[in-house]
Amino acid sequence: MGRSVWKCAAALLLSAAIMISGCATGKWERMRSEQATAFREQINARMEAMLADGAALDLETCVDTALRNNLTIKTAEIQQRIARLERKAAFANFLPQVQLDMKYVTWDRQPQSRMMGLLSVPMHDQDMLNAELGVQMPIFVPATWYLYAMRRRGAEIGALVTEHTRRQIVLMATALYFQCVALDAAIPALESQVAAAETLEREVWLFFDEGLVTAWQAEQASALVLSRRTALEKTRRARRQAGADLLAAMGLSPVAETVLVADTPLEAPDDALEDLVFEALIRNPRLIIADRNVTIQKNRVRLAIAEFLPKLVGILNQSHTSNSFTRYPDATMLGVAGVMTVFNGLENVREYQIARQAREAAYVQREEACFAVMSGVVRAWLNLQDARDELALARKAYEVESARRVEVEAQWREGLVNASDRLDAAARCDIAQMRVTQAAFSEQVRIATLLELLGRPITGMEHEETASESSEASAPAQSE
């Protein structure tokens with residue numbers, strides 16, 4: 001009987017555990033389903049509002065949408081607000097600290113004390129209210145000054161990081177936009193090549209039927225058609241992927257279809273390379289952030305030195321009691337308290353040494369960033385020159401193919417060439433035109449890369465809120 005009772009109890013506990021785990025699993029699944037549904041509805045509504053008129057998207061629209069909706073930017077803005085709050089919290093160390101303490105006590109019997117073993121004398125009232133107001137004001141606490149200076153520079157870095165993140169999103173959206181429009185230009189040219197290959201295939205198989213070519217030659221024509229169809233489908237899939245990446249960067253649904261306007265609005269700077277390198281050293285956000293980091297490490301060294309100094313705090317204490325046995329129920333205390341570390345196992349000495357090494361590391365990191373920016377500008381400028389040469393070459397090749405196409409068209413009208421030669425000439429001309437377009441878009445991407453390194457606006461758009469937020473952060477860092 002006892003064993004059966006224990007078995008029943010164990011079965012009930014196991015069933016309860018399974019039910020609880022099942023309920024928990026169902027709860028999380030329901031939460032995931034609700035969040036996924038809400039998220040999908042949100043991005044679909046955003047997409048419908050964006051493409052309500054059915055107009056094609058240009059570069060400025062894509063970049064502006066990415067700046068509004070991109071989650072990486074929103075995360076950076078949240079971190080910036082946290083840095084501002086930390087700066088305000090550090091400022092509280094300069095303000096007085098006020099503390100109010102109230103205590104009401106009652107005894108079931110009034111406390112008494114025996115005098116000479118015979119007489120009982122009351123010690124204080126049976127019910128008593130005590131109130132105490134304490135105020136502390138820092139008089140000489142150098143550490144708070146440097147801590148606030150560090151938080152202030154940290155808030156400036158937060159604003160700079162947000163602006164740098166926005167510029168990176170602009171560059172990414174620009175690159176994805178031009179990748180999409182370049183693939184859009186490639187698809188018609190590849191379709192023309194497929195049409196030319198299909199016409200050639202039909203002619204070759206007619207020749208095979210007449211016994212003029214062998215079977216492997218006819219199969220070679222079919223393989224050419226398959227190869228060009230495969231290239232066309234791969235390009236279409238690449239366009240779909242690039243469009244999905246662009247929409248995701250814009251905070252829109254990646255499964256939607258996008259129609260883009262092929263535009264080349266960016267203009268390359270005409271300055272000499274040496275001037276561009278010097279401009280990047282002045283305006284690049286990475287270096288401005290490195291300046292703030294150097295200042296923070298300097299203040300960290302000063303903070304470590306301040307730990308050796310005494311800390312003085314003014315004290316004001318006002319107390320009141322309802323105890324009728326007290327001669328002076330109200331009392332005021334004024335004073336100054338000082339604390340100074342005499343020996344803490346050399347911890348403050350090691351903190352000072354660590355701070356000095358961190359300051360040296362900040363100097364080295366800033367110089368390293370300078371070299372990286374300088375080499376990046378040189379690389380971007382050289383890549384831009386390559387893009388210009390490739391564009392000039394593509395235009396020259398297009399001129400040649402256009403002239404060849406005109407000649408083949410004239411020969412076709414006179415019956416000197418067949419249809420496959422005519423279509424092949426047209427396909428070659430389309431491919432040459434596609435390469436011109438792609439070279440122009442590649443030049444635009446490299447211009448955007450160079451402008452980002454220089455710290456210049458990429459798309460020519462300026463957002464007032466961004467300018468106001470980063471105006472303070474863009475000012476030169478000063479020692480505190």
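Quick caveat, the model's predicted, so the values are computed rather than measured.
Rounding to the nearest 0.5 angstrom, the gap separating the CG atom in Asn69 from the CD1 atom in Ile169 is 11.5 Å. With values rounded to the nearest 0.5 angstrom, Met250 atom CE is found 10.5 Å from Leu67 atom CG. Once rounded to the nearest 0.5 Å, the distance linking CD1 of Ile305 with OH of Tyr146 reads 7.5 Å. Taken from CZ in Arg359 to CZ in Arg302, the straight-line distance is 9.0 Å, to the nearest 0.5 Å. The CD atom of Glu409 sits 11.5 Å away from the CG atom of Asp421 when rounded to the nearest 0.5 Å.
Side-chain contact between Leu160 and Pro285 is absent, with no heavy-atom pair separated by less than 4.5 Å. Using a 4.5 Å cut-off on side-chain heavy atoms (C-beta onward), Leu59 and Phe178 make contact. Contact of the Gln365 side chain with the Asn293 side chain is registered, since non-hydrogen atoms from C-beta on lie closer than 4.5 Å. Side chains of Pro142 and Glu307 form no contact here, defined as non-hydrogen atoms less than 4.5 Å apart. Using a 4.5 Å heavy-atom threshold, the side chains of Thr174 and Val63 count as touching.
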Please set out all donor-acceptor pairs under 3.5 angstrom arising from side-chain atoms of residues 431-440, sequence neighbours excluded.
residue: Thr437; atom: OG1; partner: Gln433; partner atom: O; Å: 3.2

Review item, side-chain donor-acceptor pairs of residues 189-199, under 3.5 Å, at least two apart:
residue: Glu191; atom: OE2; partner: Arg236; partner atom: NH2; Å: 2.7
residue: Ser192; atom: OG; partner: Asp430; partner atom: OD2; Å: 2.9
residue: Glu198; atom: OE2; partner: Arg229; partner atom: NE; Å: 3.3
residue: Glu198; atom: OE2; partner: Arg229; partner atom: NH2; Å: 2.7
residue: Thr199; atom: OG1; partner: Ala195; partner atom: O; Å: 3.0
residue: Thr199; atom: OG1; partner: Arg202; partner atom: NH2; Å: 3.2

Please tabulate, for side-chain N and O atoms in residues 376-404, each donor-acceptor pair with protein atoms closer than 3.5 Å (sequence neighbours left out).
residue: Asn383; atom: ND2; partner: Arg379; partner atom: O; Å: 3.2
residue: Gln385; atom: NE2; partner: Trp381; partner atom: O; Å: 3.4
residue: Glu401; atom: OE1; partner: Arg428; partner atom: NE; Å: 3.4
residue: Glu401; atom: OE2; partner: Arg428; partner atom: NH2; Å: 3.2
residue: Ser402; atom: OG; partner: Tyr398; partner atom: O; Å: 2.8

task = Begin from the C-alpha positions of Thr75 and Thr72 and carry the test side chain to side chain contact (heavy atoms under 4.5 Å, CB included) through to its verdict.
result = CA-CA 5 Å; Thr75 302; Thr72 304; 5.7 Å; no
ask   = Can you check salt bridge (Lys or Arg N to Asp or Glu O under 4.0 Å) on Arg153 and Glu156, steps first, answer last?
value = CA-CA 5 Å; Arg153 297 285 89 85; Glu156 294 176 0; 2.7 Å; yes
Derivation and outcome, salt bridge (Lys or Arg N to Asp or Glu O under 4.0 Å), residues Arg456 and Asp271 = CA-CA 13 Å; Arg456 296 186 185 181; Asp271 308 66; 3.4 Å; yes
request  = Show your reasoning for whether side chain to side chain donor-acceptor pair (under 3.5 Å) applies to Thr258 and Arg239.
outcome  = CA-CA 10 Å; Thr258 55; Arg239 170 61 178 84; 3.2 Å; yes
query = Passes side chain to side chain donor-acceptor pair (under 3.5 Å), Arg350 versus Gln353? Steps please.
reply = CA-CA 5 Å; Arg350 302 308 178 208; Gln353 294 174 343; 3.2 Å; yes
inquiry  = Test side chain to side chain donor-acceptor pair (under 3.5 Å) on Asp64 and Thr61; report intermediate values, then the result.
reply    = CA-CA 5 Å; Asp64 185 59; Thr61 302; over 6 Å; no
ask   = Is there a side chain to side chain contact (heavy atoms under 4.5 Å, CB included) between Phe308 and Asn348 once you walk through the steps?
value = CA-CA 7 Å; Phe308 294 94; Asn348 49 1; 3.5 Å; yes
request  = Evaluate side chain to side chain contact (heavy atoms under 4.5 Å, CB included) for Met340 paired with Leu309, printing each intermediate quantity in order.
outcome  = CA-CA 6 Å; Met340 181 175 181; Leu309 303 177; over 6 Å; no
request  = Applying side chain to side chain contact (heavy atoms under 4.5 Å, CB included), run through Leu281 and Leu287 and close with a yes or a no.
outcome  = CA-CA 7 Å; Leu281 290 176; Leu287 304 183; 3.8 Å; yes
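Summarising the local packing, CZ of Phe91 is surrounded by 12 or fewer heavy atoms from other residues, nucleotides or ligands at distances under 6.0 Å. By the neighbour-count criterion of 12 heavy atoms within 6.0 Å, atom NZ of Lys234 is sparsely surrounded, having that number or fewer from other residues, nucleotides or ligands. Around atom CH2 of Trp205, more than 12 heavy atoms belonging to other residues, nucleotides or ligands sit under 6.0 Å away. Sparse packing is recorded around CD of Gln99, with 12 or fewer heavy atoms of other residues, nucleotides or ligands lying under 6.0 Å away. Within 6.0 Å of CZ in Phe94 there are more than 12 heavy atoms belonging to other residues, nucleotides or ligands. The number of heavy atoms from other shown groups lying within 6.0 Å of CD (Gln97) does not exceed 12. More than 12 heavy atoms of other residues, nucleotides or ligands shown are found within 6.0 angstrom of CZ on Arg68.
The residues Arg356 and Glu351 are annotated as not salt-bridged, no charged nitrogen and carboxylate oxygen being separated by less than 4.0 angstrom.
For residues 444-455, no pair satisfies salt bridge (charged side-chain N to carboxylate O under 4.0 Å, His left out), with sequence neighbours left out.
Just one of Leu171, Leu276, Asn284 meets the side chain to side chain contact (heavy atoms under 4.5 Å, CB included) condition when paired with Leu453; it is Asn284.
Remark: Ala221 engages Glu201, Val204 in a side chain to side chain contact (heavy atoms under 4.5 Å, CB included) (not counting sequence neighbours). For Glu86, the side chain to side chain contact (heavy atoms under 4.5 Å, CB included) test picks out Ile82, Arg151, with sequence neighbours left out.
For Asn70 against Ala249, the heavy-atom pair with the smallest separation is ND2-O, 3.0 Å. Nearest heavy-atom pair, Ala155 versus Ala83, reported as atom, atom and distance to 0.1 Å: CA-CB, 3.7 Å.
A donor atom on one side chain and an acceptor atom on the other are found under 3.5 Å apart for Gln80 and Thr162. Using modelled atom types, one finds no donor on one side chain facing an acceptor on the other under 3.5 Å when comparing Thr341 with Asn344.
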